[in-house]
Participant: 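So that we are looking at the same thing, I have put the structure below in structure tokens.
Letters A, B, ... are given to chains in the order of the sequence lines, protein chains preceding strands, and every chain is numbered from 1.
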Amino acid sequence: MIEQFAKEELENVAQKIEKEGISKDIRKRLAELGLLAATLPQSENGSGIDRRSFSLVLMTIAKYSASVAYFTYLQNTLVNEILSKAQKRKEEIIKIASGESTGTLVHDLNLNFPQEVYIKGYELYGSNSFVILPDADLHLVLARSESPSYLIMANPVKIEKKKPLGFRAISFGVASYKQTIEEDRIILKDADSLLKSHFFDTSDQIAAIALGMSESAVEKAIEYSKERKAFESYLYEFQPISAVLTDMKGRIEEMKKALMLSEVVQDRILLKLNALELSRLASRVALQIHGGYGYLEDLGVERYYRDSMFLTMLSSNYIKDIKTVSKEIISPDAFKI
Amino acid sequence: MIEQFAKEELENVAQKIEKEGISKDIRKRLAELGLLAATLPQSENGSGIDRRSFSLVLMTIAKYSASVAYFTYLQNTLVNEILSKAQKRKEEIIKIASGESTGTLVHDLNLNFPQEVYIKGYELYGSNSFVILPDADLHLVLARSESPSYLIMANPVKIEKKKPLGFRAISFGVASYKQTIEEDRIILKDADSLLKSHFFDTSDQIAAIALGMSESAVEKAIEYSKERKAFESYLYEFQPISAVLTDMKGRIEEMKKALMLSEVVQDRILLKLNALELSRLASRVALQIHGGYGYLEDLGVERYYRDSMFLTMLSSNYIKDIKTVSKEIISPDAFKI
Amino acid sequence: MSDLSFELPQEVEETRKRARDFALREFTNELIEHFDETEEYPNEIRKKVFDAGFITIENPWNMLVTMEEFCRVDPGIGLSTLASVFGSEILLLYGTDEQKEKYLYPTLKGEKISAVAVTEPGAGSDVAGISSRIEKTEKGWMLNGHKMFITNGTVADHYYLLARSAPPPSKEKRHHGLTLAIVERRWNGVNPVKLKGKLGMRATDTAEITFENVAVPNENIVGEEGKGFYIIMTFFNISRVYVAAQSVGTAQGILDLLLEYLAEKPASFREMEYVQFALAEISALIEAARNITYKAATKVFSFNPDPALTSMAKYYAAEIANQVANTAFKIVGIEASGSKLEKLYRDAKITEIWEGTSEIEKLVISRMILKKIQEVK
Amino acid sequence: MSDLSFELPQEVEETRKRARDFALREFTNELIEHFDETEEYPNEIRKKVFDAGFITIENPWNMLVTMEEFCRVDPGIGLSTLASVFGSEILLLYGTDEQKEKYLYPTLKGEKISAVAVTEPGAGSDVAGISSRIEKTEKGWMLNGHKMFITNGTVADHYYLLARSAPPPSKEKRHHGLTLAIVERRWNGVNPVKLKGKLGMRATDTAEITFENVAVPNENIVGEEGKGFYIIMTFFNISRVYVAAQSVGTAQGILDLLLEYLAEKPASFREMEYVQFALAEISALIEAARNITYKAATKVFSFNPDPALTSMAKYYAAEIANQVANTAFKIVGIEASGSKLEKLYRDAKITEIWEGTSEIEKLVISRMILKKIQEVK
């Protein structure tokens, strides 16, 4: 069903979505399919989809529109993982789950150096320069204070959009805050470590998006290799081309299987890193096979090249990720020097 | 149980086995554990172990002695896959399954160019320079003729052993044949394609051995990184060292999962290639971390370096393997030029 | 003690310095963003580059290091300005005095812009596979065809164009019967259309051009009729060295940005061994790419080209530029967002594609090696 | 038009040719196998190498290309014979006339064999971490310690040995207080034990050596007391260039073997694009490794060493040698079994380990880069 939705409603408009953004119609369709509060139990207005199936959903959507897949991931993160766990703000959950409004999470956990959003008393101030979907209706903002950190429902005083490298259907930019917040807008305390473990835990969902993108890039390349001739032979007849495509296919299949069985968080993080790397490689190969045409946006191939790197930047920090796993599987003192 | 056997009966003598070969005692123990006719149904004197479990067995043994794992694989290939499928020579099956005698398969399927073993009428002649276990009691020889190829039970007139790069517990070398064979020593007709599909189909077993070796190499390296200091810190504290070890661990875990779900033959072939590559990389990393000590045979680390390449050479031909899969998943005309 | 020297002549090093200063001063972030955004051709900067004397083919080393230093700051503007004389070596080597007078010298004076029109929709790297036709008429020649991805396509005054003048004598001799002609953009029947939406190098002008019954006078044929393939291959041997320099410059630019990033952050960050290893690896790769590029250039610039070496330089340097971009991102991550690093990542990819894809380069290299085997036998 | 030149002087190229001919003639397959099998030191071949005039430090380029060409045929015998003067640069640069007379000149005449004894069981790449002690006595010095992986350890007449003569003044200055001494193998208390069972390079002599109350006369101290670390680092800057050449030679040897294999097989096999691409990639990598090695050598041999460049050469060339071996195996597969390719695969690995592991090289490179950041700030 998701396959059908993605194929029929996203495939042909994928390029248009990139230009015009994810429309309310698409959000509504995602909502109808129960994908905006996917893993939330039905009792809490969710769809009760199990985690593994949700990963497959993301992978399928990513094959047709990586932007829509990432958007879906982001909305679910807010709704399923954060708002619902915080046992708060039922009305916001419903709004996002229904596609009525959009939400975003403003944090600096994948950055090498913290962004300056602080809370002092009830005063929230500062800005973050790397916000995905800064024009979302709902901002959940990780704010640092002297002791713990807080996740706060806030409204930016100013946003400044920048053209992102990838996921151009989704806005990106700077969001600045300056407001006095009410008590009930504090969603989580000690939000830093809770968010971190959330991100680590959902690493497999990012891996799923990366794999969907990889698969799609490779399939496009195979298709093209069957249409395009050079030196009077089809591209796929050339050994190095079929070898690299076959190799990619194999690695995708391998990681898809690993995705199904990755229960431990360290495995998920490493799978994410590997899948992201694969997606960058697959997009580079696909672009290369398309030659000059691949370098033009018309064929929709260069998009994979940008999206795969942008997804990497958005959802992983190699040093932090590998450090986290090293400490777990080698020694708490690992990765020190 | 297998873990216990491997740990107790192989770990401490692994280096000794490399020097002295796989003794009859070890064969007997493997037989007692039902590992020499592992996947053969009990009705045919086998142990009836399912395929997936057998892969795990090979992986476990390979962690302690790659030579013994490969030997086990080889004996099973003969007994389970070939002799039993050919519905012939029950007494040979029993002998090998019991560890009483050893068998080998003499073929050229992983070579770029065929070896010269021919059959003309009932005359078998020629030689093969790349035979594993040429001093086996039983030789199953792939002999080419004008039309189909045959698998023949033969006795070499001469063998010449060479020191192999890896698996030094197992002999390796040239075997020459010159004999008139009896009708009933022809095991298979059109053996070429049957053996090919056998090797492709059991690619996951080779992957399992490669993964066992990788795991063991990485674990040895982690252990050493916790004992050895440089610049007054333990090696594992250095970021590049913990990063590479963590990365390897992740890839091993990933492939282990893929191994469990690889049902399609193409997936198995590609998994084999990836696992072999990983084993070479892991052994190189492990040796590097051990530094000069790694370069000496005493620590048993350089062995992984040799064994991983030797296993690669024995059980895959990159060009042939990738071509086979390319033709299957891209087009019958793929990988042509 | 040795003839070996890895030092460029002082004059060239001075040009390098001047080029770097020029690029840092003139290729402002604002302009870089502007041309990346609008995909306009940076004609004003081109003129400045001319006036500053960077475009000269007297000592090609000067152009080479300028290419490197310009691309280090911005490959889009950098290449775009320097490539305004694209193809000049063709006339220099094969042109008649009249052709030089009419086309080459005005170009080298900055009065005209040239382009090379070889690639076609159906024939990218496979030069011999082009299907544009140039046929003899009573008065001269008639051109019909379709060219693709032509750099400077809509801004050039004239193209050095390859078309088929006779059918290939055999399957093995597909590269026979191609003829090179100078075709002016403003002639009747020439219709260039700007291609927009490139991943990177958006300051370069790229066009699709159709030619419909274009009359080409006899005097505009370059070299011998039917021998255009060789002329173009000779030219590629030169132009590929410049693409290698583009790659080296881009890679160096990425390292510059990474070092800038690190310099702004607390020392503890850059002292992490993981970061140090990445810096070491990147530096070694750039060093290797630069040496091989210069070595190929010494051959080409002394009229003794080594096609295998040139192809190694082109393919290896392109590979390195892309690899280095990936490594830099692994460290900087999302903080590179909106930065020049992002742009160089997009720009770098073209180096594996134009002037012969990496695949073509590898075939050139291996054919030279296999020839040796053949000779030995 | 340019000072740049990638051509070695004719004299050096002649030496290279002589070295190649010598190696092809003298390093027979039989001998290669013999020394690989027995792990003996090839002393007879060493003498021949001497007699043929290959061991000379007058023009170090001659030694460098000889190293390359010897290792191309067999790294074990090749390095082992050339390294019989290992450490000579130490005396050349820091030795007294008496030390030169007694140790250096006889070594350079082939009458003695030298070795460098730095590495210890507990301190490989971490030179400052060594714990052998050399202490002043009434008459001279007393040495106690334990050295490991010493090339020529059981065949050398004397060692250039580093030991601690004073405790480090602080944690940051661990490299202070180390002293370099010439120690003869036959002195009382010196006990070298040959290490057998190496993965490759089995024609080289490798030893573990214990020193028990070894009396060292005053005149055997090299350079200033306590400054041994600097002497050794200066020496490594030289010796690493030779290891880079070893790697380049090994890599080239692997390519030779691959080409030999291909030449013997039907042309259709080597004309497969997959094989062609592999050849192209291998050739480009070797070209890159050789250039960087020669560039580092131009610096070192003109007494203007660039440690970052030397480390790049050492690490990059080693990386390439190992990578190239892997690629070659991918093509030849099991048919390489028992061939020299197998042996070169085993030999190649050491280049990433000795004379500073690849990890150490990377730290040297990045420290130089980070220094620049520091200076700019």
Participant: Using heavy-atom distances under 4.5 Å, tell me whether A:K336 contacts chain C through its side chain, its backbone, both, or neither.
Facilitator: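 Contact with chain C: none, neither part.
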
Participant: Return yes if a side-chain donor-acceptor contact under 3.5 Å exists between A:R284 and C:N322, otherwise no.
Facilitator: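 No donor-acceptor contact under 3.5 Å links the two side chains.
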
Participant: Going through the distances and angles, do A:F231 and C:R174 end up as a side chain to side chain contact (heavy atoms under 4.5 Å, CB included)?
Facilitator: CA-CA 9 Å; A:F231 301 99; C:R174 292 168 66 231; 3.8 Å; yes

Participant: Using a cut-off of under 4.5 Å on heavy-atom pairs, state which of C:G338, C:G200, C:A123 scores highest against chain A.
Facilitator: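 Of C:G338, C:G200, C:A123, C:G200 has the most heavy-atom pairs under 4.5 Å with chain A.
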
Participant: Report, as yes or no, whether the 6.0 Å neighbourhood of atom NZ on C:K196 holds more than 12 heavy atoms from other residues, nucleotides or ligands.
Facilitator: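 Atom NZ in C:K196 is crowded, with more than 12 foreign heavy atoms closer than 6.0 Å.
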
Participant: How far apart are the closest heavy atoms of C:R346 and A:R306, and which atoms are they?
Facilitator: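 For C:R346 versus A:R306, the nearest heavy atoms are CD-CD, 4.1 Å.
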
Participant: First locate atom CG of A:N110, then atom CD of C:E335, and finally report the distance between them rounded to the nearest 0.5 Å.
Facilitator: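 Interatomic distance, A:N110 CG to C:E335 CD, rounded to 0.5 Å: 10.0 Å.
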
Participant: Find the one option among A:F113, A:F238, A:F172 whose heavy-atom pairs under 4.5 Å with chain C are most numerous.
Facilitator: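 That would be A:F113.
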
Participant: Please state whether the side chain, the backbone, both or neither of C:M201 comes within less than 4.5 Å of a heavy atom of chain A.
Facilitator: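 Both the backbone and the side chain of C:M201 come within 4.5 Å of chain A.
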
Participant: In terms of heavy-atom contacts, does NZ of C:K340 have more than 12 from other residues, nucleotides or ligands at under 6.0 Å?
Facilitator: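 Atom NZ in C:K340 is packed in, count exceeds 12.
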
Participant: Say you draw a straight line from CD1 of A:I319 to CZ of C:F269; how long is it, rounded to the nearest 0.5 Å?
Facilitator: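 CZ of C:F269 is found 4.5 Å from CD1 of A:I319.
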
Participant: What is the minimum heavy-atom distance between A:E232 and C:D126, and which atoms define it?
Facilitator: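 That would be N-OD2, 4.2 Å.
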
Participant: Can you tell me which residue pairs pass the ring-ring contact (aromatic ring centres under 6.0 Å, His included) test with a partner in residues 315-337 of chain A, sequence neighbours excluded?
Facilitator: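 Listed by first then second residue: A:Y318-C:Y274.
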
Participant: For C:L341, which atoms come within 4.5 Å of any heavy atom of chain A: side chain, backbone, both, or neither?
Facilitator: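 For C:L341, there is no contact with chain A at all, as no heavy atom is under 4.5 Å.
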
Participant: When only pairs under 4.5 Å are counted, which of C:G122, C:G129, C:G197 shares the most heavy-atom pairs with chain A?
Facilitator: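 Most heavy-atom pairs under 4.5 Å with chain A: C:G197.
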
Participant: Would a line drawn from the ring center of A:Y295 to the ring center of C:F149 be shorter than 6.0 Å?
Facilitator: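 No, too far apart.
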
Participant: When rounded to the nearest 0.5 angstrom, what is the spacing between OG1 in A:T312 and NZ in C:K330?
Facilitator: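 That separation rounds to 10.0 Å.
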
Participant: To the closest 0.5 Å, what do you measure between OH (C:Y345) and CZ (A:F310)?
Facilitator: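 Those atoms lie 12.5 Å apart.
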
Participant: Taking C-beta and beyond as the side chain, do A:Q288 and C:S358 meet within less than 4.5 Å on heavy atoms?
Facilitator: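 Yes, close enough: below the 4.5 Å cut-off.
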
Participant: Atom NZ of residue position C:K173 - does it have more than 12 heavy atoms of other residues, nucleotides or ligands inside 6.0 Å?
Facilitator: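 Counting neighbours around NZ of C:K173, 12 or fewer heavy atoms of other residues, nucleotides or ligands fall under 6.0 Å, so no.
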
Participant: Which pair of heavy atoms, one from A:Y293 and one from C:P121, lies closest together, and at what distance?
Facilitator: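 Looking at all heavy atoms of both residues, the shortest contact is OH-CA, 3.0 Å.
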
Participant: Does A:E227 CD have over 12 foreign heavy atoms under 6.0 Å away?
Facilitator: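 Counting neighbours around CD of A:E227, more than 12 heavy atoms of other residues, nucleotides or ligands fall under 6.0 Å, so yes.
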
Participant: Name the region of C:V275, side chain, backbone, both or neither, that has any atom closer than 4.5 Å to a heavy atom of chain A.
Facilitator: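 Contact with chain A is through the side chain of C:V275 alone.
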
Participant: Please rank A:L111, A:N112, A:N317, A:I241 by heavy-atom pairs under 4.5 Å with chain C and give me the top one.
Facilitator: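 Counting heavy-atom pairs under 4.5 Å, the top option is A:N112.
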
Participant: Working note: A:E297 + C:L199, criterion side chain to side chain contact (heavy atoms under 4.5 Å, CB included); need CA distance, chi angles, decisive distance, verdict.
Facilitator: CA-CA 7 Å; A:E297 69 184 14; C:L199 169 63; over 6 Å; no

Participant: So how far is it from C:Q276 CD to A:I337 CD1, rounded to the nearest 0.5 Å?
Facilitator: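 The CD atom of C:Q276 sits 11.0 Å away from the CD1 atom of A:I337.
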
Participant: Are any of the side-chain heavy atoms of C:I353 and A:L287 separated by less than 4.5 Å?
Facilitator: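 Answer yes - side chains close enough.
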
Participant: Working to the nearest 0.5 Å, report the span between OG of C:S337 and NZ of A:K162.
Facilitator: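 One gets 5.5 Å once the value is rounded to the nearest 0.5 Å.
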
Participant: Check the pair C:E342, A:M309 against side chain to side chain contact (heavy atoms under 4.5 Å, CB included), reporting the backbone distance first and the verdict last.
Facilitator: CA-CA 9 Å; C:E342 249 190 30; A:M309 183 56 94; over 6 Å; no

